[in-house]
Amino acid sequence: MNPTATGAPGLLLPTVALPPSFTWGVATSSYQIEGAVADDGRTPSIWDTFCRVPGAVVDGDNGDVACDHYHRMPQDVALIKSLGVDAYRFSVAWPRVQPGGRGPVNEAGLAFYDRLTDELLAAGIDPWVTLYHWDLPQELEDAGGWPNRDTAYRFADYSMLVFDRLSDRVDTWTTLNEPWCSAWLGYCVGVHAPGRRDFDAAISAVHHLLLGHGLATRRMQAAATRDMKFGITLNMGTADPATESPADRDAARRADGMGLRVYLDPLCKGEYPADMIEDLAARGSAFPVHDGDLEIISTPFDLLGVNFYFGQDFSGTDEQGNTHDADGHPIVRVVLPDRPRTAMDWPITPERFTQLLVRLHRDYPGLPLVVTENGAAFDDTADASGFVADDDRTAYLAEHIAAVAAAREQGADIQGYFAWSLMDNFEWAEGYAKRFGIVHVDYETQVRTPKQSALWFRDTIGRIRGA
(Lines give C-alpha, C1' and ligand atoms only; values in the text may rest on other atoms or scores of the structure.)
Protein backbone atom coordinates (compact mmCIF):
# COMPACT_ATOMS: atom_id res chain seq x y z
CA MET A 1 0.00 0.00 0.00
CA ASN A 2 1.27 3.46 -0.86
CA PRO A 3 -0.64 5.98 1.30
CA THR A 4 -0.89 9.55 0.07
CA ALA A 5 -2.18 12.51 2.02
CA THR A 6 -5.51 14.13 1.20
CA GLY A 7 -4.47 17.52 2.50
CA ALA A 8 -6.24 17.03 5.82
CA PRO A 9 -3.93 16.16 8.73
CA GLY A 10 -3.95 12.49 9.61
CA LEU A 11 -6.05 11.41 6.63
CA LEU A 12 -4.37 8.88 4.37
CA LEU A 13 -5.60 7.24 1.22
CA PRO A 14 -4.48 3.87 -0.06
CA THR A 15 -3.49 3.42 -3.64
CA VAL A 16 -5.51 0.36 -4.58
CA ALA A 17 -6.84 -1.03 -7.82
CA LEU A 18 -10.62 -1.20 -7.57
CA PRO A 19 -12.88 -0.68 -10.59
CA PRO A 20 -15.42 2.14 -11.05
CA SER A 21 -18.20 -0.47 -10.84
CA PHE A 22 -17.13 -1.46 -7.32
CA THR A 23 -19.92 -0.83 -4.79
CA TRP A 24 -19.12 1.25 -1.70
CA GLY A 25 -21.49 1.26 1.23
CA VAL A 26 -22.15 1.47 4.94
CA ALA A 27 -24.16 -0.96 7.04
CA THR A 28 -26.37 -1.11 10.14
CA SER A 29 -28.95 -3.43 11.69
CA SER A 30 -32.43 -2.75 12.98
CA TYR A 31 -32.16 -3.56 16.70
CA GLN A 32 -28.81 -1.82 16.99
CA ILE A 33 -30.03 1.59 15.79
CA GLU A 34 -33.81 1.90 15.51
CA GLY A 35 -35.07 2.14 19.07
CA ALA A 36 -38.85 2.70 19.21
CA VAL A 37 -39.27 -0.88 20.40
CA ALA A 38 -42.96 -0.46 21.27
CA ASP A 39 -43.97 2.04 18.56
CA ASP A 40 -46.54 1.38 15.84
CA GLY A 41 -47.35 -2.18 16.83
CA ARG A 42 -43.85 -3.65 17.17
CA THR A 43 -43.71 -6.56 19.61
CA PRO A 44 -40.68 -7.83 21.57
CA SER A 45 -37.84 -9.68 19.91
CA ILE A 46 -35.51 -12.14 21.58
CA TRP A 47 -33.09 -9.25 22.10
CA ASP A 48 -35.66 -7.17 23.97
CA THR A 49 -36.11 -10.15 26.28
CA PHE A 50 -32.41 -11.01 26.57
CA CYS A 51 -31.50 -7.45 27.54
CA ARG A 52 -33.71 -7.82 30.62
CA VAL A 53 -31.72 -10.82 31.89
CA PRO A 54 -29.48 -9.59 34.73
CA GLY A 55 -25.84 -9.66 33.66
CA ALA A 56 -26.55 -10.57 30.04
CA VAL A 57 -25.57 -7.17 28.61
CA VAL A 58 -22.85 -4.81 29.82
CA ASP A 59 -24.28 -2.17 32.17
CA GLY A 60 -27.77 -3.61 31.68
CA ASP A 61 -28.04 -1.71 28.37
CA ASN A 62 -30.81 -2.33 25.85
CA GLY A 63 -32.00 -1.23 22.43
CA ASP A 64 -35.12 0.60 23.63
CA VAL A 65 -33.83 3.92 22.24
CA ALA A 66 -30.47 3.01 20.66
CA CYS A 67 -29.75 5.70 18.03
CA ASP A 68 -33.45 6.62 17.68
CA HIS A 69 -33.11 5.98 13.95
CA TYR A 70 -36.82 5.17 13.72
CA HIS A 71 -37.58 8.83 14.40
CA ARG A 72 -34.46 10.35 12.79
CA MET A 73 -34.34 8.36 9.58
CA PRO A 74 -34.45 11.25 7.05
CA GLN A 75 -31.52 13.00 8.74
CA ASP A 76 -29.60 9.72 8.84
CA VAL A 77 -30.15 9.18 5.11
CA ALA A 78 -28.80 12.69 4.49
CA LEU A 79 -25.77 11.71 6.59
CA ILE A 80 -25.25 8.58 4.48
CA LYS A 81 -25.46 10.67 1.31
CA SER A 82 -22.78 13.02 2.64
CA LEU A 83 -20.34 10.11 2.81
CA GLY A 84 -20.45 9.57 -0.94
CA VAL A 85 -21.40 5.89 -0.80
CA ASP A 86 -23.44 4.01 -3.38
CA ALA A 87 -25.44 1.74 -1.11
CA TYR A 88 -26.84 1.33 2.39
CA ARG A 89 -27.22 -2.11 3.90
CA PHE A 90 -29.96 -2.19 6.54
CA SER A 91 -32.03 -4.91 8.15
CA VAL A 92 -35.76 -5.18 8.66
CA ALA A 93 -37.10 -5.86 12.15
CA TRP A 94 -39.28 -8.95 11.90
CA PRO A 95 -41.43 -8.08 14.97
CA ARG A 96 -42.03 -4.61 13.54
CA VAL A 97 -43.36 -5.98 10.25
CA GLN A 98 -45.07 -9.12 11.53
CA PRO A 99 -45.73 -8.89 15.27
CA GLY A 100 -45.52 -12.30 16.88
CA GLY A 101 -43.84 -13.81 13.82
CA ARG A 102 -46.96 -15.07 12.10
CA GLY A 103 -50.13 -13.67 10.61
CA PRO A 104 -50.76 -10.54 8.54
CA VAL A 105 -48.43 -7.65 7.95
CA ASN A 106 -48.35 -4.75 10.39
CA GLU A 107 -48.88 -1.86 7.98
CA ALA A 108 -47.52 0.80 10.32
CA GLY A 109 -44.30 -1.11 10.85
CA LEU A 110 -43.73 -1.94 7.21
CA ALA A 111 -44.45 1.68 6.27
CA PHE A 112 -41.21 2.69 7.99
CA TYR A 113 -39.15 0.60 5.56
CA ASP A 114 -41.29 1.91 2.71
CA ARG A 115 -40.31 5.44 3.68
CA LEU A 116 -36.68 4.49 4.23
CA THR A 117 -36.45 2.91 0.78
CA ASP A 118 -37.96 5.96 -0.88
CA GLU A 119 -35.70 8.31 1.08
CA LEU A 120 -32.61 6.36 0.03
CA LEU A 121 -33.58 6.26 -3.63
CA ALA A 122 -34.32 9.98 -3.62
CA ALA A 123 -30.79 10.50 -2.28
CA GLY A 124 -29.28 8.33 -5.01
CA ILE A 125 -28.43 5.50 -2.60
CA ASP A 126 -29.13 1.85 -3.45
CA PRO A 127 -31.04 0.06 -0.64
CA TRP A 128 -29.67 -3.39 0.27
CA VAL A 129 -32.15 -5.25 2.45
CA THR A 130 -31.19 -7.86 5.04
CA LEU A 131 -34.31 -9.74 6.11
CA TYR A 132 -32.95 -11.18 9.37
CA HIS A 133 -30.31 -9.66 11.62
CA TRP A 134 -31.06 -11.57 14.83
CA ASP A 135 -34.32 -9.98 16.06
CA LEU A 136 -36.51 -13.08 16.12
CA PRO A 137 -40.02 -12.38 17.44
CA GLN A 138 -40.16 -13.58 21.02
CA GLU A 139 -43.35 -15.56 20.34
CA LEU A 140 -41.45 -17.74 17.85
CA GLU A 141 -38.69 -18.34 20.38
CA ASP A 142 -41.35 -19.34 22.90
CA ALA A 143 -42.53 -21.89 20.31
CA GLY A 144 -39.01 -23.33 20.01
CA GLY A 145 -37.03 -20.72 18.08
CA TRP A 146 -34.61 -21.65 15.32
CA PRO A 147 -34.15 -25.21 16.65
CA ASN A 148 -37.82 -25.67 15.71
CA ARG A 149 -38.28 -26.55 12.03
CA ASP A 150 -41.45 -24.48 11.76
CA THR A 151 -39.44 -21.27 12.26
CA ALA A 152 -37.89 -21.73 8.80
CA TYR A 153 -41.34 -21.64 7.22
CA ARG A 154 -42.39 -18.68 9.32
CA PHE A 155 -39.27 -16.86 8.10
CA ALA A 156 -40.16 -17.51 4.46
CA ASP A 157 -43.67 -16.15 5.03
CA TYR A 158 -42.31 -13.03 6.71
CA SER A 159 -39.76 -12.54 3.95
CA MET A 160 -42.52 -12.45 1.37
CA LEU A 161 -44.37 -9.75 3.29
CA VAL A 162 -41.33 -7.50 2.95
CA PHE A 163 -40.54 -8.60 -0.60
CA ASP A 164 -44.07 -7.98 -1.84
CA ARG A 165 -43.92 -4.42 -0.54
CA LEU A 166 -40.40 -3.37 -1.52
CA SER A 167 -39.46 -5.48 -4.53
CA ASP A 168 -40.55 -2.80 -6.98
CA ARG A 169 -37.66 -0.65 -5.68
CA VAL A 170 -35.11 -2.92 -3.99
CA ASP A 171 -32.72 -4.89 -6.19
CA THR A 172 -30.49 -6.68 -3.65
CA TRP A 173 -31.86 -9.03 -1.01
CA THR A 174 -30.00 -10.85 1.76
CA THR A 175 -31.87 -13.47 3.74
CA LEU A 176 -29.77 -13.96 6.89
CA ASN A 177 -26.96 -12.13 8.59
CA GLU A 178 -24.40 -14.37 10.26
CA PRO A 179 -26.33 -17.58 10.98
CA TRP A 180 -23.25 -18.83 12.88
CA CYS A 181 -23.86 -16.14 15.51
CA SER A 182 -27.59 -16.86 15.66
CA ALA A 183 -27.04 -20.59 16.13
CA TRP A 184 -23.80 -20.81 18.08
CA LEU A 185 -23.79 -17.71 20.26
CA GLY A 186 -27.55 -17.79 20.77
CA TYR A 187 -28.24 -21.49 21.33
CA CYS A 188 -24.95 -23.13 22.35
CA VAL A 189 -22.71 -20.59 24.09
CA GLY A 190 -25.62 -18.50 25.35
CA VAL A 191 -23.89 -15.10 25.19
CA HIS A 192 -26.37 -13.75 22.62
CA ALA A 193 -30.15 -13.89 22.57
CA PRO A 194 -31.98 -16.07 23.39
CA GLY A 195 -29.20 -17.17 25.75
CA ARG A 196 -29.66 -20.93 25.54
CA ARG A 197 -26.83 -23.41 26.11
CA ASP A 198 -27.73 -26.59 24.26
CA PHE A 199 -25.34 -28.04 21.67
CA ASP A 200 -27.99 -30.10 19.88
CA ALA A 201 -30.34 -27.10 19.75
CA ALA A 202 -27.57 -25.10 18.08
CA ILE A 203 -27.01 -27.83 15.47
CA SER A 204 -30.73 -27.88 14.72
CA ALA A 205 -30.70 -24.08 14.50
CA VAL A 206 -27.89 -24.19 11.91
CA HIS A 207 -29.97 -26.43 9.67
CA HIS A 208 -33.22 -24.54 10.07
CA LEU A 209 -31.56 -21.18 9.45
CA LEU A 210 -30.17 -22.54 6.18
CA LEU A 211 -33.53 -24.09 5.34
CA GLY A 212 -35.22 -20.74 5.98
CA HIS A 213 -32.74 -19.10 3.62
CA GLY A 214 -33.50 -21.62 0.90
CA LEU A 215 -37.26 -21.42 1.33
CA ALA A 216 -37.28 -17.62 1.28
CA THR A 217 -34.88 -17.41 -1.67
CA ARG A 218 -37.00 -19.79 -3.76
CA ARG A 219 -40.18 -17.87 -3.06
CA MET A 220 -38.63 -14.49 -3.79
CA GLN A 221 -37.02 -15.73 -7.00
CA ALA A 222 -40.35 -17.14 -8.16
CA ALA A 223 -42.11 -13.85 -7.46
CA ALA A 224 -39.46 -11.59 -9.01
CA THR A 225 -40.63 -9.73 -12.10
CA ARG A 226 -37.22 -8.29 -13.03
CA ASP A 227 -33.52 -8.94 -12.49
CA MET A 228 -32.58 -8.99 -8.81
CA LYS A 229 -29.78 -10.34 -6.67
CA PHE A 230 -30.39 -12.72 -3.80
CA GLY A 231 -27.82 -13.80 -1.26
CA ILE A 232 -26.84 -14.60 2.30
CA THR A 233 -24.25 -13.04 4.61
CA LEU A 234 -21.82 -15.18 6.62
CA ASN A 235 -19.29 -14.11 9.22
CA MET A 236 -16.03 -15.82 8.46
CA GLY A 237 -12.45 -15.74 9.60
CA THR A 238 -9.47 -18.01 9.11
CA ALA A 239 -8.84 -21.12 11.16
CA ASP A 240 -5.14 -21.93 11.26
CA PRO A 241 -3.42 -24.42 13.58
CA ALA A 242 -1.51 -22.78 16.41
CA THR A 243 1.31 -25.27 15.75
CA GLU A 244 1.84 -28.10 13.31
CA SER A 245 0.97 -30.73 15.92
CA PRO A 246 -1.72 -33.25 14.88
CA ALA A 247 -3.98 -32.05 17.71
CA ASP A 248 -3.76 -28.41 16.59
CA ARG A 249 -4.30 -29.28 12.94
CA ASP A 250 -7.40 -31.27 13.88
CA ALA A 251 -8.71 -28.41 16.03
CA ALA A 252 -8.29 -26.01 13.10
CA ARG A 253 -10.13 -28.47 10.84
CA ARG A 254 -13.01 -28.67 13.28
CA ALA A 255 -13.17 -24.88 13.68
CA ASP A 256 -13.07 -24.34 9.92
CA GLY A 257 -15.76 -26.94 9.44
CA MET A 258 -18.16 -25.54 12.01
CA GLY A 259 -17.42 -21.91 11.19
CA LEU A 260 -17.33 -21.91 7.39
CA ARG A 261 -17.79 -25.19 5.55
CA VAL A 262 -20.91 -26.23 7.46
CA TYR A 263 -22.67 -23.25 5.83
CA LEU A 264 -21.03 -22.96 2.43
CA ASP A 265 -20.98 -26.65 1.55
CA PRO A 266 -24.76 -27.11 1.83
CA LEU A 267 -25.38 -23.72 0.23
CA CYS A 268 -23.07 -24.29 -2.73
CA LYS A 269 -22.66 -28.07 -2.96
CA GLY A 270 -25.91 -29.40 -1.52
CA GLU A 271 -24.24 -31.40 1.24
CA TYR A 272 -22.86 -31.03 4.72
CA PRO A 273 -19.11 -31.72 5.06
CA ALA A 274 -18.53 -35.43 5.64
CA ASP A 275 -16.03 -34.79 8.42
CA MET A 276 -18.53 -32.59 10.27
CA ILE A 277 -21.19 -35.29 10.02
CA GLU A 278 -18.69 -37.78 11.45
CA ASP A 279 -17.68 -35.42 14.26
CA LEU A 280 -21.30 -34.85 15.21
CA ALA A 281 -22.09 -38.58 15.11
CA ALA A 282 -19.19 -39.21 17.48
CA ARG A 283 -20.96 -37.11 20.09
CA GLY A 284 -24.43 -38.47 19.29
CA SER A 285 -25.64 -35.44 17.34
CA ALA A 286 -26.77 -34.79 13.77
CA PHE A 287 -28.30 -32.18 11.52
CA PRO A 288 -32.10 -32.74 11.38
CA VAL A 289 -32.21 -33.15 7.60
CA HIS A 290 -35.47 -34.12 5.91
CA ASP A 291 -35.80 -35.38 2.35
CA GLY A 292 -35.46 -32.46 -0.05
CA ASP A 293 -33.94 -30.05 2.48
CA LEU A 294 -30.50 -29.90 0.91
CA GLU A 295 -31.97 -29.30 -2.52
CA ILE A 296 -33.85 -26.31 -1.09
CA ILE A 297 -30.82 -25.03 0.83
CA SER A 298 -28.64 -25.23 -2.29
CA THR A 299 -30.99 -23.10 -4.39
CA PRO A 300 -28.63 -21.04 -6.59
CA PHE A 301 -28.04 -17.52 -5.34
CA ASP A 302 -26.28 -14.46 -6.71
CA LEU A 303 -23.88 -13.14 -4.09
CA LEU A 304 -22.24 -14.10 -0.85
CA GLY A 305 -21.92 -11.43 1.81
CA VAL A 306 -18.64 -11.75 3.69
CA ASN A 307 -18.37 -10.26 7.18
CA PHE A 308 -14.76 -10.25 8.37
CA TYR A 309 -13.15 -8.88 11.50
CA PHE A 310 -10.12 -11.07 12.31
CA GLY A 311 -8.43 -14.41 11.80
CA GLN A 312 -7.82 -17.01 14.49
CA ASP A 313 -5.47 -19.85 15.38
CA PHE A 314 -6.67 -23.00 17.12
CA SER A 315 -5.15 -25.46 19.55
CA GLY A 316 -6.25 -29.00 20.26
CA THR A 317 -5.07 -28.84 23.86
CA ASP A 318 -6.17 -26.77 26.80
CA GLU A 319 -3.72 -24.78 28.91
CA GLN A 320 -3.06 -27.86 31.06
CA GLY A 321 -2.21 -29.96 27.98
CA ASN A 322 -5.44 -31.98 27.93
CA THR A 323 -6.79 -32.98 24.49
CA HIS A 324 -10.37 -33.67 25.65
CA ASP A 325 -12.75 -31.83 27.95
CA ALA A 326 -14.53 -33.23 31.01
CA ASP A 327 -17.27 -34.67 28.77
CA GLY A 328 -14.76 -36.42 26.55
CA HIS A 329 -15.10 -34.07 23.59
CA PRO A 330 -11.99 -32.93 21.68
CA ILE A 331 -10.57 -29.56 22.74
CA VAL A 332 -10.92 -26.74 20.21
CA ARG A 333 -9.31 -23.70 21.81
CA VAL A 334 -8.95 -20.28 20.22
CA VAL A 335 -5.43 -18.87 20.26
CA LEU A 336 -5.47 -15.29 19.07
CA PRO A 337 -2.53 -14.28 16.88
CA ASP A 338 0.04 -12.03 18.52
CA ARG A 339 -1.01 -8.87 16.74
CA PRO A 340 -2.23 -5.40 17.75
CA ARG A 341 -5.80 -5.59 19.10
CA THR A 342 -8.99 -3.57 18.80
CA ALA A 343 -11.12 -2.54 21.79
CA MET A 344 -12.93 -5.89 21.40
CA ASP A 345 -9.54 -7.57 21.98
CA TRP A 346 -9.70 -8.82 18.41
CA PRO A 347 -6.36 -9.11 16.57
CA ILE A 348 -5.86 -6.97 13.47
CA THR A 349 -5.08 -9.40 10.65
CA PRO A 350 -5.65 -7.85 7.21
CA GLU A 351 -3.42 -10.40 5.50
CA ARG A 352 -5.79 -13.13 6.66
CA PHE A 353 -8.65 -11.21 5.07
CA THR A 354 -6.91 -11.61 1.73
CA GLN A 355 -6.29 -15.26 2.56
CA LEU A 356 -9.98 -15.84 3.28
CA LEU A 357 -11.25 -14.09 0.15
CA VAL A 358 -8.86 -15.98 -2.11
CA ARG A 359 -9.82 -19.26 -0.42
CA LEU A 360 -13.53 -18.57 -1.01
CA HIS A 361 -12.79 -17.88 -4.68
CA ARG A 362 -10.81 -21.13 -4.94
CA ASP A 363 -13.10 -23.47 -2.99
CA TYR A 364 -16.47 -22.04 -4.07
CA PRO A 365 -15.82 -20.84 -7.63
CA GLY A 366 -18.24 -18.68 -9.54
CA LEU A 367 -19.75 -17.10 -6.43
CA PRO A 368 -19.54 -13.29 -6.48
CA LEU A 369 -18.45 -11.84 -3.13
CA VAL A 370 -19.36 -8.60 -1.38
CA VAL A 371 -17.73 -7.50 1.86
CA THR A 372 -20.91 -6.70 3.78
CA GLU A 373 -19.22 -5.89 7.10
CA ASN A 374 -15.70 -4.87 8.02
CA GLY A 375 -14.66 -2.46 10.73
CA ALA A 376 -13.35 -2.11 14.25
CA ALA A 377 -14.17 -0.84 17.71
CA PHE A 378 -11.63 1.39 19.40
CA ASP A 379 -11.69 3.48 22.58
CA ASP A 380 -12.73 6.71 20.89
CA THR A 381 -12.23 10.10 22.52
CA ALA A 382 -14.46 12.85 21.17
CA ASP A 383 -13.46 16.50 21.37
CA ALA A 384 -15.85 19.26 22.49
CA SER A 385 -17.48 19.30 19.05
CA GLY A 386 -18.02 15.52 19.02
CA PHE A 387 -15.28 14.88 16.46
CA VAL A 388 -13.12 11.78 16.90
CA ALA A 389 -9.63 11.69 15.39
CA ASP A 390 -9.64 7.90 15.06
CA ASP A 391 -6.28 7.17 13.47
CA ASP A 392 -6.57 3.54 14.58
CA ARG A 393 -9.90 2.93 12.83
CA THR A 394 -8.77 4.84 9.76
CA ALA A 395 -5.68 2.64 9.54
CA TYR A 396 -7.80 -0.49 10.04
CA LEU A 397 -10.07 0.44 7.13
CA ALA A 398 -7.12 1.35 4.91
CA GLU A 399 -5.37 -1.96 5.57
CA HIS A 400 -8.49 -4.02 4.97
CA ILE A 401 -9.54 -2.23 1.79
CA ALA A 402 -6.00 -2.84 0.55
CA ALA A 403 -6.46 -6.50 1.52
CA VAL A 404 -9.62 -6.63 -0.63
CA ALA A 405 -7.70 -5.17 -3.57
CA ALA A 406 -4.95 -7.74 -3.06
CA ALA A 407 -7.50 -10.57 -3.16
CA ARG A 408 -9.01 -9.16 -6.35
CA GLU A 409 -5.54 -9.12 -7.91
CA GLN A 410 -5.37 -12.86 -7.13
CA GLY A 411 -8.63 -13.47 -8.96
CA ALA A 412 -11.30 -13.22 -6.25
CA ASP A 413 -14.54 -11.73 -7.61
CA ILE A 414 -15.21 -9.13 -4.92
CA GLN A 415 -17.81 -6.61 -6.04
CA GLY A 416 -18.23 -4.27 -3.08
CA TYR A 417 -17.23 -3.17 0.40
CA PHE A 418 -19.52 -2.00 3.23
CA ALA A 419 -17.98 -0.40 6.29
CA TRP A 420 -19.32 -1.51 9.67
CA SER A 421 -20.82 0.51 11.02
CA LEU A 422 -22.40 3.71 9.81
CA MET A 423 -22.61 4.96 13.38
CA ASP A 424 -21.96 3.96 16.95
CA ASN A 425 -24.81 1.80 18.20
CA PHE A 426 -26.00 -0.93 20.55
CA GLU A 427 -23.25 -3.53 20.29
CA TRP A 428 -25.26 -6.57 21.43
CA ALA A 429 -23.90 -8.10 24.65
CA GLU A 430 -21.37 -5.25 24.89
CA GLY A 431 -24.18 -2.69 25.13
CA TYR A 432 -23.00 0.83 24.38
CA ALA A 433 -19.50 0.25 25.75
CA LYS A 434 -17.98 -0.50 22.33
CA ARG A 435 -18.10 1.87 19.37
CA PHE A 436 -17.75 0.56 15.81
CA GLY A 437 -19.17 3.60 14.01
CA ILE A 438 -17.40 5.82 11.52
CA VAL A 439 -19.88 8.41 12.80
CA HIS A 440 -19.84 9.32 16.49
CA VAL A 441 -23.18 9.27 18.33
CA ASP A 442 -23.71 11.22 21.54
CA TYR A 443 -26.27 8.93 23.17
CA GLU A 444 -27.52 11.71 25.45
CA THR A 445 -28.29 14.18 22.65
CA GLN A 446 -28.40 11.80 19.64
CA VAL A 447 -26.11 14.20 17.77
CA ARG A 448 -24.18 12.47 14.97
CA THR A 449 -20.65 13.66 14.12
CA PRO A 450 -18.60 12.05 11.32
CA LYS A 451 -15.28 10.81 12.65
CA GLN A 452 -11.97 11.13 10.86
CA SER A 453 -12.53 7.60 9.48
CA ALA A 454 -15.80 8.71 7.86
CA LEU A 455 -14.12 11.63 6.13
CA TRP A 456 -11.27 9.33 5.08
CA PHE A 457 -13.75 6.78 3.72
CA ARG A 458 -15.56 9.49 1.74
CA ASP A 459 -12.31 10.83 0.31
CA THR A 460 -11.01 7.36 -0.49
CA ILE A 461 -14.11 6.51 -2.50
CA GLY A 462 -13.77 9.75 -4.42
CA ARG A 463 -10.08 9.28 -5.08
CA ILE A 464 -10.40 5.65 -6.26
CA ARG A 465 -13.12 6.77 -8.63
CA GLY A 466 -11.08 9.71 -9.79
CA ALA A 467 -13.64 12.24 -8.60
Side-chain angles (χ1 to χ4, degrees), residues 1-27 83-87 89 235-238 240 303-312 336-344 346-362 368-378 389-422 436-438 450-467:
M1 185 172 66
N2 177 25
T4 56
T6 67
L11 296 185
L12 300 176
L13 296 175
T15 299
V16 296
L18 293 169
S21 60
F22 195 78
T23 297
W24 295 94
V26 289
L83 300 178
V85 299
D86 310 299
R89 174 178 174 252
N235 58 303
M236 293 176 283
T238 52
D240 297 308
L303 61 87
L304 173 66
V306 178
N307 291 359
F308 177 88
Y309 292 95
F310 61 100
Q312 295 173 301
L336 294 177
D338 184 16
R339 301 294 299 274
R341 305 285 179 88
T342 71
M344 296 289 289
W346 295 346
I348 300 172
T349 59
E351 74 288 346
R352 298 199 189 195
F353 193 15
T354 301
Q355 175 186 331
L356 170 67
L357 293 167
V358 172
R359 183 262 181 102
L360 293 173
H361 168 71
R362 180 192 71 229
L369 309 175
V370 174
V371 178
T372 38
E373 286 185 27
N374 179 238
F378 290 101
D390 54 345
D391 291 324
D392 38 21
R393 185 176 291 104
T394 303
Y396 181 99
L397 294 175
E399 292 169 351
H400 286 76
I401 291 170
V404 170
R408 280 182 55 92
E409 290 174 359
Q410 296 180 51
D413 183 13
I414 309 158
Q415 300 184 353
Y417 176 96
F418 287 71
W420 184 270
S421 173
L422 167 63
F436 276 85
I438 60 173
K451 303 176 188 178
Q452 171 183 294
S453 55
L455 305 180
W456 175 91
F457 193 54
R458 177 200 66 195
D459 292 347
T460 296
I461 295 168
R463 182 173 185 273
I464 289 174
R465 289 193 163 152

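Just so it is clear, the structure is predicted and the values come from calculations on it, not from any experiment.
- In this view, Phe378 satisfies the ring pair (Phe, Tyr, Trp, His ring centres under 6.0 Å) rule with no residue, not counting sequence neighbours.
- Listed by chain and number, the residues in a salt bridge (charged side-chain N to carboxylate O under 4.0 Å, His left out) with Arg341 are Asp345 (sequence neighbours excluded).
- With sequence neighbours excluded, no residue satisfies salt bridge (charged side-chain N to carboxylate O under 4.0 Å, His left out) with Asp413.
- Taking Ala403 as the reference, Pro350, Phe353, Thr354 meet the side chain to side chain contact (heavy atoms under 4.5 Å, CB included) condition, with sequence neighbours excluded.
- Contact annotation: the side chain of Val371 never approaches that of Ile401 to less than 4.5 Å [non-hydrogen atoms, C-beta and beyond].
- Applying the salt bridge (charged side-chain N to carboxylate O under 4.0 Å, His left out) criterion to Asp86, with sequence neighbours excluded, gives Arg465.
- Ring geometry, Phe457 versus Tyr417: the interplanar angle falls from 30° to 60°, so the pair is classed tilted.
- A donor-acceptor contact shorter than 3.5 Å links the side chain of Arg89 to the backbone of Thr372.
- Gln355 meets the side chain to side chain contact (heavy atoms under 4.5 Å, CB included) test with Thr238, Asp240, Arg352; sequence neighbours excluded.
- When side chains are defined from C-beta on, Ile438 counts as touching Leu83, because their heavy atoms get closer than 4.5 Å.
- Taking the ring centroids of Phe418 and Trp420, they lie at or beyond the 6.0 Å cut-off.
- No side-chain donor-acceptor contact under 3.5 Å links Tyr309 and Asn374.
- With contacts defined as side-chain heavy-atom distances shorter than 4.5 Å, the pair Met344/Phe310 does not qualify.
- Between the side chain of Asp390 and the backbone N or O of Ser453 there is at least one donor-acceptor pair closer than 3.5 Å.
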